[in-house]
Amino acid sequence: MSTNNTKLKLKIILLGDLGVGKTSVLNQYVSQLFPSTQFLSRIPPDFLVKHATVNDRQVTLQFWDPAGLERFGPIHKAWYRNTHCCVLMYDINNEKSFQSLKNWLKGCYDACFNLEIDNFPVILLGNKTDDGENRQVTPEQALQFCAENGDIPYFETSAKDATNLHEAFGTAARFALGYK
Ligand code: GDP
Ligand code: MG
């Protein structure tokens with residue numbers, strides 16, 4: 001058991017195309033709110049904080065939401081600085097958002113120079129499972145992408161009904177702490 005009471009701050013970034021549900025997933029996980037309120041005055045980038053216990057360690061999870069910056073394509077490298085874990089996200093009903101993942105992943109590799117590519121802490125979320133009638137990406141396709149990119153853990157989530165959010169962010173937090 002850890003005797004270290006210092007609260008570690010872990011930076012977890014969310015990445016994926018505009019509209020896949022990043023802001024909604026964070027608001028549901030951190031504040032149990034859906035739909036999320038979009039404040040016009042909000043200045044991107046934005047972050048949300050959650051206190052958690054990970055492997056007996058008190059930590060502060062700091063979730064970074066690009067909050068609209070992602071619409072302009074690649075995000076400035078400064079935004080990625082000192083990241084501990086990347087959460088990639090696409091919308092299972094939007095094939096284009098799935099095709100974009102390789103670019104978002106490359107952006108992480110290029111910008112997170114504090115992390116080792118061989119042991120890169122990244123997870124993938126396929127969001128909007130509550131609304132899967134017009135599904136455009138199968139779980140098999142997602143799992144294949146994960147296998148081809150170093151065995152990325154995959155979670156199918158819903159910001160609307162909170163499916164799998166604790167599982168997904170629990171894994172992200174453990175990765176951020178350095179456990180794989
Ligand atoms: P972001 O651009 O990635 O931050 O996406 P948002 O969180 O702003 O969500 C875009 C739209 O998708 C909004 O209208 C949300 O209400 C909706 N949305 C997000 N997540 C879900 C989900 O899990 N299920 C459903 N049905 N809608 C969602
Ligand atoms: Mg957003």
Side-chain angles (χ1 to χ4, degrees), residues 10-50 61-81 83-108 111-112 121-143 145-146 149 152-173 175-176:
L10 301 172
K11 174 176 174 179
I12 300 176
I13 63 173
L14 275 88
L15 288 167
D17 283 1
L18 192 74
V20 300
K22 299 177 298 298
T23 301
S24 302
V25 155
L26 279 184
N27 277 285
Q28 175 63 271
Y29 179 60
V30 174
S31 314
Q32 292 77 51
L33 289 174
F34 184 92
S36 59
T37 327
Q38 308 271 354
F39 297 105
L40 286 176
S41 61
R42 219 174 209 188
I43 301 164
D46 200 2
F47 63 78
L48 284 174
V49 163
K50 187 176 171 85
L61 304 176
Q62 197 181 62
F63 294 104
W64 287 52
D65 178 0
L69 283 182
E70 69 276 36
R71 86 180 77 212
F72 307 113
I75 296 172
H76 196 278
K77 283 190 178 174
W79 189 78
Y80 291 88
R81 192 171 294 144
T83 288
H84 296 100
C85 182
C86 304
V87 177
L88 290 185
M89 201 185 299
Y90 75 100
D91 171 355
I92 63 163
N93 308 308
N94 180 340
E95 160 93 34
K96 191 171 166 291
S97 71
F98 181 69
Q99 297 303 340
S100 297
L101 290 175
K102 51 183 178 312
N103 289 333
W104 289 117
L105 187 60
K106 184 174 183 306
C108 288
C112 295
V122 57
I123 68 167
L124 176 65
L125 272 50
N127 191 43
K128 308 198 189 182
T129 51
D130 63 277
D131 181 29
E133 274 173 35
N134 301 308
R135 185 172 187 127
Q136 292 182 0
V137 182
T138 64
E140 290 72 26
Q141 286 173 280
L143 288 169
F145 172 86
C146 289
N149 289 283
I152 297 173
Y154 178 58
F155 300 89
E156 298 221 323
T157 60
S158 164
K160 189 173 182 180
D161 62 22
T163 299
N164 257 342
L165 297 187
H166 281 275
E167 292 80 356
F169 286 115
T171 298
F175 275 23

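Quick caveat, the model's predicted, so the values are computed rather than measured. All ligand and atom numbering here is 1-based and tracks the order in the structure.
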Contacts of Asp91 that satisfy side-chain contact (heavy atoms from CB on, under 4.5 Å) - sequence neighbours left out: Val20, Asn93, Asn94, Ser97, Lys128
Sub-4.5 Å side-chain heavy-atom contact between [X] and [Y]:
X	Y	result
Thr171	Phe155	yes
Phe169	Val25	yes
Phe175	Ile12	no
Leu48	Tyr29	no
Leu15	Ile75	yes

Report yes or no: does Arg81 contribute a side-chain atom to a donor-acceptor pair with the main-chain N or O of Ala78 at less than 3.5 Å? no
[X]: numbered ligand 1 atoms lying under 4.0 Å from its heavy atoms:
X	result
Glu70	2 (O)
Ser24	6 (P), 7 (O), 9 (O), 15 (C), 19 (C), 20 (N)
Val20	3 (O), 5 (O)
Asp130	22 (C), 23 (O), 24 (N), 25 (C), 26 (N)
Lys22	1 (P), 2 (O), 3 (O), 4 (O), 5 (O), 7 (O)

Run the ring pair (Phe, Tyr, Trp, His ring centres under 6.0 Å) test against Tyr90 and tell me which residues pass, sequence neighbours left out. Phe98
Is any N or O atom of [X], backbone or side chain, closer than 3.5 Å to an N or O atom of ligand 1?
X	value
Phe34	no
Asp65	no
Asp131	no
Leu18	no

Which option, Thr23, Val25, Asp161, owns the non-hydrogen atom nearest atom 4 (O) of ligand 1? Thr23
Pick from Gly16, Gly68, Ala159, Gly19: the one approaching atom 10 (C) of ligand 1 most closely through a non-hydrogen atom: Gly19
State if Met89 counts as touching ligand 1 under the rule of any non-hydrogen atom under 4.0 Å. no
Look at atom NZ of Lys50 and say whether more than 12 heavy atoms of other residues, nucleotides or ligands are closer to it than 6.0 Å. yes
Ser24 N/O/S atom closer than 2.8 Å to the Mg ion (ligand 2): no
